[in-house]
Amino acid sequence: MIPTAREAPADAETPSHILLSRAGFIRRTGAGMYSYLPLAWRSLMKISQIVREEMEAAGASELLMPAVIPIELYKVTGRDEAYGELLFRVHDRHGRENALGPTHEEVITDIFQHAINSYKQLPLTVYQIQTKFRDEFRPRAGLLRCREFIMKDAYSFHLTVDGPGGLNETYDAQYAAYVRVFERLGLDFTVVDAESGPIGGSASHEFMVNAESGEDKILVCDSSGYAANVEKCEIGERAWSFEGEALGDLAKVHTPGMASIEDIGRFMKVKPANMLKTMVFDAGESLADEPSVAPGGGQRWVVAVVRGNHDVNESKVRDAIGGPVALADEKEARAAGFAIGYVGPAVAVGRDDVLLLVDPDAAQSTDSAKGKAMFWAAGANEADHHVKFFNWQRELGGLLDSSDQDASARRVDLPGASARRADLPGASARRADLPARIRVADIRNANAGDPSPRAEGSILREQRGIEVGHIFKLGCKYSDAVGFGVLDQDQQRQSVIMGCYGLGVSRTLAACVEMSHDENGIIFPAAIAPYHVLITLMKPDDPAQQEACARVSGELAEQGIDVLIDDREERPGVKFKDADLIGLPVRLTIGDKALAEGAVEFKPRRSAGKGELVPIDRVVARCADVLGD
RNA sequence: CGGGGUGUAGCGCAGCUUGGUAGCGCGUCUCGUUCGGGACGAGAAGGUCGGAGGUUCGAAUCCUCUCACCCCGACCA
């Protein structure tokens, strides 16, 4: 059952989807749902086995939880809301609602809550390998993002964060286990700092298979070894200053119907890098305690300003203000007086409900490269209008000068801030001089070429990756939600501290193909290949060839090498094409010519050309050699 | 959820503008010739044209509704 095809299904576009389909590994059964045919299943079992070995070595025990889970468990933690449409929901015959498990923090916490009641029983780590369900808005790219997939998920429980038996110890052990798993699988990967997302928790790392087609953008600093997902990546220190002369008088420009940076840039003949992109966020209650000029009032709106060619990072905005934010609802923001699409920094002037957050690259009044005043275009805070010759000091003058006695006491430490700033060229407007309603902070996504946050003078390099593993320090988020605590040595009730560790088994197979293929097909590393060696018989009916095949395959099997035999009555070309497509690490061809010399043709999939003749009694050693790499 | 697109044989597609016998390539089956990089010839099987309704003497084709799927975006262990 290896249905190979010359052409890929029309809906397949990415290499792994096309090749796994053509090579007879998978068949699409529904949108984002795939059947694993025998070849794929063998590969998945091999990946799972390595995962199992490393999990056991890291002290985790395997178990299996149900895929169908009462929705009540997810209501306890609020994740039925947080996940929303991503949860598959099924109603049983009694009308009870269940979720198909997208991940099992709630279930495992529930189990442990009832089973564990003493610190003496901790720490514990368990894992399972199971089908997970997520009703993705847009499944795509075959196995890379589907609605039903195979995942290894592990969970650990601790009394403490540090020290023996603490969360950090297990987290580090899992981290190391992941590194060993992906090394053993023969994958080229990068570990990056990551955002925790809706799973929650403090620290997290993602394991990315390096592939051009990857969905995730990661940034790497070669000198320090720092690597992070773009969602998380810090940017090194950048000089900034609001002080500087204006290049010209503020000029209002009519820009009807042009709300996008691209449109305006084209119309006004301004490069995006010379525009200020201004986004309005709704901080809700996050800023309730912030100083406000208005009696009894609080700041609600966060106006974030970055350069037009940069993207605001919502997580960084959240960190900068110390609480949750969300992009403002357009209607509400309009009602509050923001001309959405045409907002500029000056909107903060005269309002006491706005916190202005400015990225260092946007907080410039002097173009240091040219040594003259910086040219800025920005929104005019009036529908269909923008302004040219924006100058921070002039346009925000009142705000920048307003002194707020409480400000210095309340100010939090911002990422990337340091005392050295004053020494940097062009830096004179010190953070300490700013009123509380303006902050300069790193609030944008990092790009290639940005300064490294870990090595002075180095810059960040960009590459793409496929997320195959993600580990989290959860803390007490789930245990507190269900009231899971144990008594410690001092008879004090302590919340149990958790970690969770995910690894996409089916995605790893696809990532492997993305990483390693050529125009003829897949090139499998030995650890993931469904079989190690393919024996191609030129004349399947020929007794001499049959005998040679039986001998070689028998000897290979004795060495623990998995053999697939192609004894189909097909023309040689067809068999060779299929062999390359399926991509097993070694191909042995048994034909008359070689056999006459007591040899078979030996060809590693990676090597180009014809392959070489190897005497039959030495071919097993050669196979073991190649597979051992 | 916004934008774009596609549903016709197992797979890949044409036919639709201008309504009139449902086609091509690959694959499958039979026979023959071939036989170390997706052979050639002859023949054969295989289709509710996504579904429902409508217009018409007549609908794959025109109209209305609907379903499914794909791509881009937004979102995302």
Side-chain angles (χ1 to χ4, degrees), chain A residues 3-14 17-18 21-22 24 27-33 79 82-87 101-106 130 132-142 144-147 149-155 194-201 204-207 215-216 229 231 260 311 314-315 326-327 330 466-472 474 500-507 520-521 536-542 545 566 568-581 587 589-595 600-601 603 608-611 613:
Chain A
T4 58
R6 191 177 297 203
E7 290 179 280
D11 57 16
E13 296 203 341
T14 51
H17 191 188
I18 292 171
S21 299
R22 284 189 55 207
R27 281 296 114 105
R28 197 178 69 88
T29 297
M33 298 180 285
R79 278 215 299 183
Y83 267 125
E85 296 287 291
L86 204 61
L87 267 188
T103 172
H104 283 63
E105 282 80 8
E106 284 82 356
Q130 186 199 39
K132 294 284 188 275
F133 299 86
R134 289 186 196 167
D135 195 1
E136 296 281 350
F137 286 128
R138 191 159 88 75
R140 68 190 120 180
L144 282 178
R145 178 164 297 278
C146 37
R147 300 201 292 169
F149 56 98
I150 300 172
M151 167 167 145
K152 186 282 303 181
D153 46 325
Y155 307 91
E195 271 294 321
S196 305
I199 291 278
S204 93
H205 287 91
E206 286 171 327
F207 293 76
E215 280 188 315
D216 288 285
N229 193 309
E231 296 165 356
S260 82
D311 293 316
E314 199 174 304
S315 304
L327 201 55
E330 197 169 324
I466 300 166
E467 179 191 350
V468 289
H470 197 163
I471 60 178
F472 302 81
L474 286 178
C500 74
Y501 318 90
L503 191 156
V505 174
S506 48
R507 182 184 274 183
N520 293 318
T536 303
L537 292 178
M538 286 294 91
K539 291 179 181 165
D541 290 339
D542 183 88
Q545 293 191 13
D566 186 352
R568 293 175 299 168
E569 293 284 353
E570 286 286 354
R571 297 171 59 79
V574 173
K575 296 187 181 189
F576 292 145
K577 286 289 185 187
D578 278 347
D580 287 347
L581 185 57
R587 189 184 82 207
T589 307
I590 298 180
D592 286 340
K593 291 175 205 161
L595 215 49
V600 297
E601 183 186 314
K603 182 179 179 302
K610 272 295 188 187
L613 294 186

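Chain naming here is simple, since letters A, B, ... match the order of the sequence lines and numbering starts at 1 in each.
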Looking at B/rA45, which nucleotide sits across from it as a Watson-Crick or G-U wobble partner, both distances under 3.5 angstrom, or is there none? none

By side chain to side chain donor-acceptor pair (under 3.5 Å), A/K575 pairs with (sequence neighbours left out) none

Over all strands shown, is A/F149 touching base, sugar-phosphate only, or nothing at heavy-atom distances under 4.0 angstrom? base

With heavy atoms under 4.0 Å as the rule, sort A/D578 into base, sugar-phosphate or nothing. base

Of the listed B/rG37, B/rG38, B/rC70, the closest approach to the A/F576 side chain comes from B/rG37

Checking all strands, does A/R507 fall into the base, sugar-phosphate, or nothing category for heavy-atom contacts under 4.0 angstrom? nothing

Base-pairing assignment for B/rG12 (Watson-Crick or G-U wobble, both under 3.5 Å): B/rC24

Mind checking the P distance from B/rC57 to B/rG5? Whole angstroms is fine. 34 Å

For A/K152 and A/Y501, indicate whether the former's side chain and the latter's backbone hold a donor-acceptor pair under 3.5 Å. yes

Whole-angstrom distance between B/rG7 and B/rG47, as gauged at atom C1': 14 Å

Partner of B/rA60 under the Watson-Crick or G-U wobble criteria, both distances under 3.5 Å, comes out as none

I need the CE-C1' distance between A/M33 and B/rC69, as an integer number of Å. 11 Å

Any residue meeting side chain to side chain contact (heavy atoms under 4.5 Å, CB included) with A/D216, in chain and number order, not counting sequence neighbours: A/M208, A/N229, A/E467

Among B/rG38, B/rG37, B/rC70, which nucleotide sits nearest the side chain of A/L581? B/rG38

Can you tell me how far C1' of B/rG38 sits from CG of A/N520, to the nearest Å? 11 Å

For A/D311, enumerate each residue passing the side chain to side chain contact (heavy atoms under 4.5 Å, CB included) test, keeping only those at least two apart in sequence or located in another chain. A/K277, A/N445

Using the P atom as the point on both nucleotides, what is the distance between B/rC40 and B/rG2, in whole Å? 49 Å

With P as the reference atom in both, quote the distance from B/rG51 to B/rG10 in angstrom, rounded to an integer. 14 Å

How would you list, by chain and number, every residue that makes a salt bridge (Lys or Arg N to Asp or Glu O under 4.0 Å) with A/E206, sequence neighbours excluded? none

At 4.0 Å (heavy atoms only), tell me whether A/L503 reaches a base, stays on the sugar-phosphate, or touches nothing. base

Looking at the side chain of A/R587, which of B/rA74, B/rG37, B/rG38 is the nearest nucleotide? B/rG37

Can you name the residues that form a side chain to side chain donor-acceptor pair (under 3.5 Å) with A/T589, not counting sequence neighbours? A/R587

Using Watson-Crick or G-U wobble geometry with both distances below 3.5 Å, tell me the partner of B/rC69, or none. B/rG5

Sorted by position of nearest nucleotide on RNA chain B, 5' first, the leading residue of A/E231 and A/V574 is A/V574

With rounding to whole Å, what would you report as the distance between B/rU55 and B/rG12 at their P atoms? 35 Å

Please report the distance separating the C1' of B/rU61 from the corresponding atom of B/rG25, rounded so that it comes out in whole Å. 23 Å

Any N or O donor-acceptor pair linking the side chain of A/R140 to the base of B/rC70 at under 3.5 Å? no

side-chain contact (heavy atoms from CB on, under 4.5 Å), that's the test. Do A/T103 and A/R79 meet it? Break it down for me. CA-CA 11 Å; A/T103 172; A/R79 278 215 299 183; 3.5 Å; yes

Write out a two-atom table: protein N or O, nucleotide N or O from nucleotides 4-13 of chain B, distance below 3.5 Å.
{"from": "B/rG12", "atom 1": "OP1", "to": "A/A10", "atom 2": "N", "distance (Å)": "2.8"}
{"from": "B/rG12", "atom 1": "O2'", "to": "A/E7", "atom 2": "OE2", "distance (Å)": "3.2"}

Atom CG of A/L144 and atom C1' of B/rC70 are separated, to the nearest Å, by 16 Å

Output one line per pair: protein atom, nucleotide atom from nucleotides 28-35 of chain B, and distance, for all N/O pairs under 3.5 Å.
{"from": "B/rU34", "atom 1": "O2", "to": "A/R571", "atom 2": "NH1", "distance (Å)": "2.7"}

Residues forming a side chain to side chain donor-acceptor pair (under 3.5 Å) with A/R27, sequence neighbours excluded: none

Write down the distance between CE (A/M538) and P (B/rG38), rounded to a whole number of angstrom. 12 Å

Check whether any side-chain heavy atom of A/M151 sits under 4.5 Å from a side-chain heavy atom of A/L503, and report yes or no. no

Same-atom distance (P) from B/rG19 to B/rG15, integer angstrom: 16 Å

Could you give the CZ-to-C1' distance, from A/R568 to B/rG38, as a whole number of Å? 11 Å

Could you tell me the separation between the CD atom of A/E569 and the C1' atom of B/rA39, rounded to a whole number of Å? 16 Å

Value in whole Å for how far the C1' atom of B/rC70 lies from CD of A/E136: 16 Å

Answer yes if the ring centres of A/H205 and A/F207 are under 6.0 angstrom apart, and no otherwise. no

Classify the nucleic acid contact of A/G504 as base, sugar-phosphate or nothing, counting any heavy atom under 4.0 Å across all strands shown. base

Using a 4.0 Å heavy-atom cut-off, does A/P540 contact any base of the nucleic acid, only the sugar-phosphate backbone, or nothing at all? nothing

Run the salt bridge (Lys or Arg N to Asp or Glu O under 4.0 Å) test against A/E136 and tell me which residues pass, sequence neighbours left out. A/R145

Let me know the distance between CG of A/D135 and P of B/rC1, rounded to the nearest Å. 12 Å

Between A/T536 (side chain only) and A/D566 (backbone N and O only), is there a donor and an acceptor less than 3.5 Å apart? no

Atom P, compared across B/rC16 and B/rU6: separation rounded to whole Å: 14 Å

Watson-Crick or G-U wobble mate for B/rC40, both contacts under 3.5 Å: B/rG32

